[in-house]
2 protein chains.
Amino acid sequence: MDGGAPEPGAVNPSVNPSVNMADVARLAGVSIATVSRALRDVPGVSQPTRDRVRDIARELSYVISPEASALSRGHTGRVAVVVPRLEAWFYGAMLGAMAPVLRAADLDMLVYETEGEQERTRFLRELPARRKADAVLLTALPLSQTEVARLDLMGAHVVVAGGTVRDFPHVAVDDLAAGRTAVRHLLDLGHRRVAMLRTNDTDGAVWSADVQRTEAWRTTLRDAGLDASDELLASESYGVDAGARGLARLLALPEPPTAVFAYSDELAFSAIAHARRVGLRVPEDLSVIGVDGHPLGETLGTTTVDQHVTDQGRLAAELVVGLLAGGTVADVEVPATLVVRDTTAPPAH
Amino acid sequence: MDGGAPEPGAVNPSVNPSVNMADVARLAGVSIATVSRALRDVPGVSQPTRDRVRDIARELSYVISPEASALSRGHTGRVAVVVPRLEAWFYGAMLGAMAPVLRAADLDMLVYETEGEQERTRFLRELPARRKADAVLLTALPLSQTEVARLDLMGAHVVVAGGTVRDFPHVAVDDLAAGRTAVRHLLDLGHRRVAMLRTNDTDGAVWSADVQRTEAWRTTLRDAGLDASDELLASESYGVDAGARGLARLLALPEPPTAVFAYSDELAFSAIAHARRVGLRVPEDLSVIGVDGHPLGETLGTTTVDQHVTDQGRLAAELVVGLLAGGTVADVEVPATLVVRDTTAPPAH
DNA sequence: ACGAACCATGAAAACGTTTGCATGGGCCAC
DNA sequence: GTGGCCCATGCAAACGTTTTCATGGTTCGT
């Protein structure tokens, strides 16, 4: 409906009353179509014309309207990344690894933080990501059964990073193997009483990594004929001091553990600090191993099972980019590697 | 140009061939305009009609096209947050604090990571944020003079968090005061040889926090008649072990410091770990104070000057929301508070 | 030289909303 | 009973692109 002469009274005065393609076209003495083609490097424009259009566009510091472009082409050029908790190191590392990949593919990164089941549910119910992004990157998200069921309402591509959700393409470590590696390391050192430290989300959500690492702890101990009873499994609510709280409970046991397998490095840090505060030497009196590959673990000398978060993030982003380019999907399994440092040693006896 | 009969051969088959307003309108037996009004809670629709439209929309699981909506109304409903390095705790904390505020205001968060001057320059040159978001939130970004000059090309609102850039509205701590507080704490304990540990970005960018904390260190020492020469200022390139490297250099001095003021908590952690590794007791043989209020500092017992990053992020986001609501601007100064823990003590003598 | 193929260009439909303006019906006050 | 208002609704223009299709001018092979 813009074939006629431009009406004087524009209905929607743009917030940014800047130049549009028509302005560039007018100054370049060409049609809007040619400007569009010239600026996007699509064939069908002679080099001189292309150059002239480019120059004029630059001169006017013209910027294309992403909305109009997206509306017309049918996709947004954006990827939504959903995380449960932005301030945790894990998610920052993930985002940091994804960012360069997406940027290289000219995709913008929309970040959604959904804290707790309520928000996640609301998020999924309102389908806000749908049509706001071409793909959704679910990052190690705890999801309840209902939430999982609801997920396919979105028409967009879905990729999961750092976990598994239904049959969506994913990038993850084998958490069962990671857990076994950690616990076996402790057993190999000679420990016979090995506790586990984890945090539980208050809502009844299922976090695949959590379930599997806990399962690994239990079965590895049982397979070795050792005790893996619930008193040795300390579950605390999330917080900076969760590790300290959990360890305190474990140390109060009639027969306290000589080694602790912490769900995450942050938990391990907190536990180690607590142990030292109450006079225990680590690793002489207590061995602690975490999971993650947190950079501070290197500084602090913490033994850990590195799950190469940066690789996971990068690979997940690459998966998304491939998917959007029309490629095919293939799940990626990232290996978890044991990094022995200074917080594990044979038990004292 | 949709006044005529709908042509059979649609030009742009949408990626997501889902329902649009016209479908809802048809089924509800009303016009598109009424649907638009009904769904957005704007007056001018009777309650029965509104309800019917809502029901039908839900039934069809209709989702509005953000592109079309944005194109028509003239703004995007998005805020761009620009950070230099996503994996650092500081930025995760900032994003985590901003997210709930923006979400509450129905604004989506677009995150741009610009690593190094090259990328920042490219970012500013291509003005990608312009028109992709209604506002830009610059988070503690080191910027060179040229970059700063270029910034006003963007028509969007700009707010700065965790620093100061030109005369843009900002939320920040008084870094001069924060630095003075830290150094004075060391002086008050009796230290007379106080070093500073910082990281330098390789590019010639100016990071206001860095400049001011360094300046505070220098002047506070000089005012007390103490040495603040460059040999006591250890500048290392960014990395997990930057603190260790810096401290190693300081300890190699003919007259090593008895106390260290670290630019950030992460630097302090690394320095403390290094000190202990080489046999120095902290705080008995060496005092270390950082800046930030890193959550792990609580775990590790690190003395710090808390700059309340979470508050800064939240306030900056609130500033943006206010600005977009047509409000007025007012810079916010967040107080930096000394948190004495276990890594500072009087010198040994 | 002459038709064929090609290339650069432009016209205009389509993407899916929002909103100013016009319209018509119902209701109230006098 | 009638004129004036207000309210619910619809029409259609506008937002700024992308892309299909048509057109006219070159160029090349023979």
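Numbers restart at 1 for each chain; the letters A, B, ... are given by sequence-line order, proteins then strands.
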Practice problem: Establish whether the base of C:dT17 is bridged to the side chain of B:S69 by a donor-acceptor pair shorter than 3.5 Å. | Solution: no
Quiz item: Roughly, in whole Å, what's the span from CD in A:E67 to C1' in D:dT17?
Solution: 11 Å
Exercise. List for me each residue that meets salt bridge (Lys or Arg N to Asp or Glu O under 4.0 Å) alongside B:D55, sequence neighbours excluded, and say none if there are none.
Key: B:R58
Could you go over nucleotides 23-27 of chain C and give all protein N or O partners under 3.5 Å, atom names and distances?
none

Practice problem: Please work out if A:S65 contacts a base, only the sugar-phosphate, or nothing of the nucleic acid, heavy-atom cut-off 4.0 Å. | Solution: sugar-phosphate
Quiz item: Say you draw a straight line from OG1 of B:T139 to CZ of B:R85; how long is it, rounded to the nearest 0.5 Å?
Solution: 13.0 Å
Self-check item: For the student: nearest non-hydrogen atoms of B:A140 and B:G162, plus distance
Solution: CB-O, 3.5 Å
Less than 3.5 Å apart, which donor and acceptor atoms pair up between the side chains of residues 93-106 of chain B and the rest of the protein, not counting sequence neighbours?
unit_1	atom_1	unit_2	atom_2	d
B:R103	NE	A:E119	OE1	3.3
B:R103	NH1	A:E113	O	2.3
B:R103	NH2	A:E119	OE1	3.4
B:R103	NH2	A:E119	OE2	3.2

Practice problem: Please give the angle, rounded to 10 degrees, between the axes at the start and the end of the helix from C:dA1-D:dT30 to C:dC30-D:dG1, where five pairs define each axis. | Solution: 30°
Practice problem: For B:M21 and C:dC15, give me the distance from atom CE to atom C1', rounded to whole Å. | Solution: 14 Å
List the atom pairs, with distances to 0.1 Å, where a side-chain N or O of residues 27-36 of chain B and a protein N or O form a donor-acceptor pair under 3.5 Å, not counting sequence neighbours.
unit_1	atom_1	unit_2	atom_2	d
B:S31	OG	B:A33	N	3.4
B:S31	OG	B:T34	N	3.3
B:S31	OG	B:T34	OG1	3.3
B:S36	OG	B:R40	NH2	3.0

Exercise. Enumerate the residues from residues 37-56 of chain A whose closest heavy atom to DNA chain D is under 4.0 Å, giving them by residue number; use none for an empty result.
Key: A:R37, A:R40
